[in-house]
Amino acid sequence: MIDSVVNVSNVSKVYGSKGENQFQALEEVSFSMQEGEFIGIMGASGSGKTTLLNTISTLDNVSRGQIEIAGTTITEMKEQALADFRARKLGFIFQDFNLLESMTVYENIALPLFLQKMGRGRVKEKVQHVADILDIRDILSKYPAIISGGQKQRTAAARALVHNPSIILADEPTGALDSSNAASLLETLQRLNEEHQVSIMMVTHDAYSASYCERILFLEDGQLYKQINKNGTREEFFKNILDEQAEAGRKKL
Amino acid sequence: MLAKLAWNGMKSKRKDYIILLAGLVMSIAIFYMFQTLALNRDFTSENAMISSMQLVFNVGSCLLAAVTFFYILYTNMFLLSLRQQEYGMFMLLGAKKQYIKRLMFVENLLIGIIALIIGIAAGAGLSQLTAELIMGQLDVTLEGYQPFYLPSLAVTLLFFLVLFFVTAVWNHIKLSRLQVLELVHAETKSDQVPQQPKKNIVTITAGILALAAGWLSLIFMESLRELGVFSAAIMTTLGTYLLFSSLLPVITNAMKKKQKWNENGIQSFTLSQLTFRIHSLKKLLATAAMLIALGAGAISGGMAFKNNAENIAERSAVYDAVVHSPTAEEEEILEDITFTEAAEYRYKKGEEYNYYLKEDLEKQRPQIQLTTDNVKRVEADLPDQEGSLEEVEEESASIPNEWSQFLTMTAAEDYSRRPLIVSNALYDDIEAEEQVVFIGKADDFLAYRDQWAKLDELREEKLASSEEVMASTSKYSMYENYNTIATGTVFMGFFLGIAFLAMMASCLMFKVLSGAAKDIPRYEMLRKIGVPKKLLNQSVFKELFLVFLFPALLGITHVLIGMNMFSFIIVNPYYRIWISLLLFTTIYVLYYLLTVKMYKSVVLPEEK
């Protein structure tokens with residue numbers, strides 16, 4: 001399947017070594033993601049959603065199973081190759097922005113391109129292009145310490161986007177933002193997805209954020225137990241997600 | 001209860017406290033080490049070649065005290081940053097500020113006292129070790145040096161107790177001003193925005209002027225005397241601080257501005273880190289530059305006094321060996337030595353004169369030393385002696401100067417006997433046993449020290465049984481005599497050099513490591529976005545290289561200029577200076593690699 005950008009099959013992740021306190025963070029998780037999809041992964045704290053994202057983002061290895069991204073089986077790659085893979089194929093957005101405060105917004109965005117040893121002219125062109133998309137052109141010469149949280153997260157998004165990755169992985173990207181900044185960032189992500197066909201995988205525990213996705217995977221105790229698709233307006237989808245969460249909560253009572 | 005909690009908090013930050021304690025212990029140990037020499041006046045005045053040695057030590061004490069003071073301030077800031085968050089949390093939970101302040105005060109003093117006890121013990125141990133090491137290397141024993149010296153102990157205790165008390169009070173005041181929330185969020189507070197450095201022409205000019213004044217005082221130390229010691233110490237230090245704090249940000253910024261460098265792979269991160277950090281580093285780097293200057297300077301000075309022995313010997317005589325009528329034993333020793341030039345002159349001893357055979361002198365014209373740096377081969381004609389021995393004796397004054405200089409200074413065993421140069425015919429008629437004097441210049445004077453010593457010993461024995469009275473001194477004994485006098489000074493130079501370098505090492509390492517924790521997220525993020533470990537490694541190497549480079553450059557320049565100050569007492573202060581500089585560079589590079597390794601272990605943890 002050419003058009004599937006992520007393929008996760010039977011992935012399990014166990015923390016701790018044998019004989020000690022073992023913890024099964026993921027259990028036989030399988031799903032696939034089409035190119036240009038906007039997927040959300042939801043679950044309570046400790047459900048394994050961050051572990052799943054970490055294994056897909058090659059930061060953590062799996063105990064069993066296989067993960068394929070853009071046609072490459074990453075679970076069989078070595079550390080060196082993985083770093084290179086991350087640098088070229090993946091884009092990251094973190095909850096706490098993770099910008100380098102010693103560098104200007106421009107330099108932060110351009111860093112992935114510098115690392116690829118791209119020529120100066122092209123770097124400038126590309127940075128300005130994503131800066132336009134994300135509406136942060138005016139702050140390119142500023143340092144992260146003096147821009148707002150929303151601007152920081154846009155900068156982070158621009159950095160994740162600048163090298164045209166196969167997929168953008170976002171871990172609670174709205175976690176540190178106020179509601180209007182959060183909404184604006186989510187709209188931006190949605191626009192990137194719809195207008196620029198960027199594949200996005202987002203981990204969140206917030207139903208409102210999740211409602212911007214096209215499909216939601218629900219995790220509990222390391223298992224993928226349900227997924228729902230958006231079949232109408234965002235408001236309806238939001239209700240569906242809330243219902244699903246309420247249902248899950250009721251089961252526990 | 002809170003005290004117990006505080007103690008647990010300290011335990012959980014064990015690694016940071018070890019860094020802190022190591023920094024304090026080092027500074028105390030070295031301060032003590034220095035004082036064991038500075039306060040032991042009997043030893044220094046006994047062993048120093050410089051009359052104003054005590055003054056040098058006093059100035060050195062002041063410099064070291066100033067450096068230590070700033071160092072302690074740094075360590076204190078680190079301590080405060082370690083504790084702020086936790087104390088803030090205690091206050092948030094309802095602890096009274098008064099109580100927290102008291103806790104902080106006690107903790108401050110407690111750490112100080114622990115550091116003092118370990119520091120002084122370490123200082124005594126280090127002094128003992130260093131002294132033994134140097135004496136072993138120099139192959140001497142110096143009486144009077146005491147690694148455990150009570151006055152030094154008292155001064156060190158007093159100095160640091162005052163310092164720790166001052167910092168404890170300082171923290172007390174600082175804590176009073178801070179709000180609870182500021183404390184709690186102390187660690188999450190973002191770093192300062194990197195400012196565009198102002199090109200502060202005034203400071204740069206003042207720095208250059210002060211440095212020029214300091215360097216001029218070093219160069220003209222001989223005529224400035226005591227005044228020179230003071231002005232050199234003050235102006236050089238002032239200039240270094242001013243220049244570093246005004247110029248370093250400008251330089252790093254200029255490097256970053258250069259797009260070709262900046263926009264090239266990981267370099268943008270490396271240079272940003274450096275520009276970012278240089279503001280907090282510049283004063284420390286100036287301190288390091290001064291310590292390098294003092295350390296490398298002391299070692300170079302010590303080395304110069306040591307090497308001076310060779311120069312002194314070289315100036316005292318052209319020929320390394322002068323042996324009269326060698327015995328079998330002496331012949332044997334001479335055979336072991338490779339001579340680049342050797343000659344044998346036959347002569348006979350009379351009552352008043354030595355009669356040298358003209359033929360030998362004619363055939364083997366020797367070299368003589370005219371002035372200190374001017375060695376030449378004797379060119380003057382040998383006198384024609386036509387008449388009888390009496391007539392020749394009467395004209396003894398007519399021997400050309402060059403020849404008489406050679407014959408009395410070098411060839412004569414007893415220079416009270418005047419030389420005469422006689423033809424074969426006259427020589428044969430003189431009724432005395434034929435003697436021969438061997439003179440030789442070896443390929444490397446220092447390589448045959450054992451042989452020269454042995455030859456001198458045998459000569460001693462020979463002279464003891466003869467009635468020669470005014471025996472000339474051998475080149476080797478000149479060398480040895482000088483060495484004996486200089487050893488004390490050499491010892492002090494090396495000892496202080498090691499102490500200062502250790503202080504510099506501890507200062508730089510402390511600063512780099514105490515800030516390392518804050519860099520962890522930066523490297524973590526880079527790793528996440530796919531920067532290969534190799535590049536991160538390179539970045540660390542490069543950044544620390546530049547950090548280490550600046551103080552080394554200025555420090556070594558100080559040394560190169562400062563060596564001038566010994567020119568009044570040392571033949572050539574720059575003779576073989578590359579050896580001491582090489583020694584310093586080796587130590588410095590090793591130390592740089594160690595810092596890189598430790599820093600990396602903090603910011604780039606091994607993959608599991």
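Numbers restart at 1 for each chain; the letters A, B, ... are given by sequence-line order, proteins then strands.
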(Q) Which atoms of A/Phe97 are under 4.5 Å from chain B, going by heavy atoms: the side chain, the backbone, both sets, or neither? (A) neither
Q. Counting heavy atoms not belonging to A/His196, are there more than 12 under 6.0 Å from its NE2?
A. yes
Q: Can you tell which part of A/Arg159 gets under 4.5 Å to a heavy atom of chain B, answering side chain, backbone, both or neither?
A: side chain
Q.
How close do A/Leu115 and B/Val531 get, counting heavy atoms only, and between which atoms?
A. CD1-CG2, 3.2 Å
Q. What is the minimum heavy-atom distance between B/Pro532 and A/Ala83, and which atoms define it?
A. CA-CB, 3.9 Å
Q | Nearest non-hydrogen partners of A/Phe92 and B/Lys528, listed with the distance | A | CE1-O, 3.0 Å
Q) With only heavy atoms counted, which part of B/Leu271 is less than 4.5 Å from chain A, the side chain, the backbone, both or neither? A) neither
Q: Examine distances only and state if a side-chain atom of B/Arg522 and a backbone atom of A/Leu100 form a donor-acceptor pair shorter than 3.5 Å.
A: no
Q: Could you tell me the separation between the CE atom of B/Met525 and the CG atom of A/Asp96, rounded to the nearest 0.5 Å?
A: 11.0 Å
Q: Determine the minimum heavy-atom distance between A/Ser102 and B/Ser272, stating which atoms define it.
A: O-CB, 3.4 Å
Q: Mind ranking A/Arg120, A/Glu107, A/Lys89, A/Lys117 by heavy-atom pairs under 4.5 Å with chain B and telling me who comes out on top?
A: A/Arg120
Q: Can you tell which part of B/Leu526 gets under 4.5 Å to a heavy atom of chain A, answering side chain, backbone, both or neither?
A: side chain
Q. Counting only N and O atoms by type, is there a donor-acceptor contact under 3.5 Å from the side chain of B/Arg527 to the main-chain atoms of A/Leu59?
A. no
Q.
Once rounded to the nearest 0.5 Å, what's the spacing between atom CZ of A/Phe94 and atom CD1 of B/Ile529?
A. 7.5 Å
Q) Around A/Tyr15, counting heavy atoms of other residues, nucleotides and ligands shown, do more than 12 lie under 6.0 Å from its OH? A) yes
Q: Would you name the heavy atoms of A/Glu101 and B/Phe276 that are closest together and state the gap between them?
A: O-CE1, 4.0 Å
